[in-house]
Amino acid sequence: QVQLVESGGGLVQAGGSLRLSCAGSGSIFRITTWGGYRQAPGKQRELVAAIVSGASTNYADSVKGRFTISRDDAKNTVYLQMNSLKPEDTAVYYCNAEIMTLMVPYPPRYYWGQGTQVTVSS
């Protein structure tokens with residue numbers, strides 16, 4: 001079994017920073033792609049940032065220059081550093097990972113974290 005556990009959410013004032021972490025555990029052979037998503041009340045879940053195995057990254061226009069995604073493959077963990085936070089960043093943040101498991105490496109499967117609330121006050 002594979003599990004993704006997120007941490008690091010909370011309440012912060014506008015202009016502040018938070019760092020989210022998402023750690024994978026279980027029968028993981030390799031994590032190829034990590035994605036960070038968020039879902040605000042009444043809105044669809046959207047991709048915020050992604051990082052692939054070669055460390056290439058992509059960001060939504062709304063967070064470019066403010067958010068940084070990074071990964072530690074030795075720990076099966078991804079980090080989302082969020083700076084200069086705005087009230088519109090308020091949402092539940094989810095991690096998503098494309099994982100090759102030890103038992104069935106192909107095809108890779110996608111797994112979700114449980115989500116963590118980020119609230120930015122004005």
Side-chain angles (χ1 to χ4, degrees):
Q1 290 185 342
V2 171
Q3 189 176 18
L4 299 180
V5 177
E6 300 184 54
S7 60
L11 173 64
V12 65
Q13 288 187 334
S17 298
L18 284 174
R19 189 174 85 150
L20 306 183
S21 300
C22 178
S25 63
S27 58
I28 296 172
F29 172 62
R30 182 181 300 161
I31 299 177
T32 52
T33 302
W34 285 100
Y37 290 75
R38 67 185 180 189
Q39 187 166 19
K43 295 187 177 181
Q44 289 190 333
R45 191 171 298 188
E46 63 174 348
L47 178 65
V48 173
I51 184 167
V52 298
S53 57
S56 176
T57 57
N58 289 300
Y59 297 94
D61 288 342
S62 59
V63 306
K64 279 182 181 176
R66 301 188 297 121
F67 290 13
T68 302
I69 190 168
S70 60
R71 59 191 292 166
D72 184 338
D73 291 336
K75 297 181 179 179
N76 287 328
T77 299
V78 69
Y79 305 97
L80 185 65
Q81 178 67 43
M82 306 185 295
N83 299 328
S84 303
L85 283 162
K86 304 175 181 180
E88 51 263 44
D89 294 319
T90 296
V92 178
Y93 283 70
Y94 298 89
C95 62
N96 175 271
E98 183 184 34
I99 297 176
M100 302 167 64
T101 64
L102 291 169
M103 295 299 292
V104 186
Y106 292 100
R109 294 180 58 187
Y110 289 93
Y111 295 82
W112 288 94
Q114 83 281 9
T116 185
Q117 176 70 45
V118 171
T119 303
V120 184
S121 62
S122 57

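These numbers were taken from a predicted model, which means no experiment stands behind them.
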Exercise. Could you label the plane-to-plane angle of the Y94 and W112 rings as parallel, tilted or perpendicular, counting under 30° as parallel and over 60° as perpendicular?
Key: perpendicular
Quiz item: Where is the tightest heavy-atom contact between S17 and N83, given as atom of each residue plus distance?
Solution: OG-OD1, 2.9 Å
Quiz prompt | Residue that, paired with M82, satisfies side-chain contact (heavy atoms from CB on, under 4.5 Å) out of V12, L20, V120, V63 | solution = L20
Quiz item: Same hydrophobic cluster for V104 and M100, using side-chain heavy-atom links shorter than 4.5 Å among ILVMFWY?
Solution: no
Quiz item: Roughly how far, to the nearest 0.5 Å, is the CZ atom of R19 from the CG atom of L80?
Solution: 10.5 Å
Quiz item: Judged by atom type as modelled, is there a donor-acceptor pair below 3.5 Å linking the side chain of E6 to the main-chain atoms of C95?
Solution: yes
Quiz prompt | D61/K64 ion pair, N-O < 4.0 Å | solution = yes
Self-check item: Nearest non-hydrogen partners of S122 and P87, listed with the distance
Solution: CB-CG, 3.8 Å
Exercise. Could you grab the distance from atom CD of Q39 to atom CD of Q44, nearest 0.5 Å is fine?
Key: 8.5 Å
Exercise. Run through Y110, Y111, W34 and flag the one making a side-chain contact (heavy atoms from CB on, under 4.5 Å) with N96.
Key: Y110
Practice problem: Return the set of residues passing side-chain contact (heavy atoms from CB on, under 4.5 Å) with S25 (not counting sequence neighbours), or none when no residue passes. | Solution: Q3
Self-check item: Nearest-0.5 Å distance, CD1 of residue I51 to CD1 of residue I69
Solution: 6.0 Å
Quiz item: What heavy-atom pair brings A49 and L47 nearest, and what distance separates the two atoms?
Solution: O-CD1, 3.4 Å
Quiz prompt | Interatomic distance, T101 atom OG1 to F29 atom CZ [nearest 0.5 angstrom] | solution = 10.0 Å
Quiz item: Is it the case that one hydrophobic cluster holds both V48 and Y59, taking links as side-chain heavy atoms less than 4.5 Å apart, direct or via other members?
Solution: yes
Practice problem: Quick one: pull up CG in D89 and OG1 in T119 and give me the separation to the nearest 0.5 Å. | Solution: 11.0 Å
Quiz item: S21 and K75: side-chain contact (heavy atoms from CB on, under 4.5 Å), yes or no, with the steps?
Solution: CA-CA 11 Å; S21 300; K75 297 181 179 179; over 6 Å; no
Quiz item: In a check of side-chain contact (heavy atoms from CB on, under 4.5 Å) between I31 and each of V78, N76, V2, which one passes?
Solution: N76
Quiz item: CD1 of I28 to CG of L4: how many Å apart, nearest 0.5 Å?
Solution: 6.5 Å
Quiz prompt | Nearest non-hydrogen partners of R66 and S84, listed with the distance | solution = NH1-O, 3.0 Å
Exercise. Check for a donor-acceptor pair, side chain of T32 on one end and backbone N or O of S53 on the other, with a separation under 3.5 Å.
Key: no
Practice problem: Could you tell me whether a side-chain N or O of R71 sits under 3.5 Å from a main-chain N or O of V52, the two making a donor and an acceptor? | Solution: yes
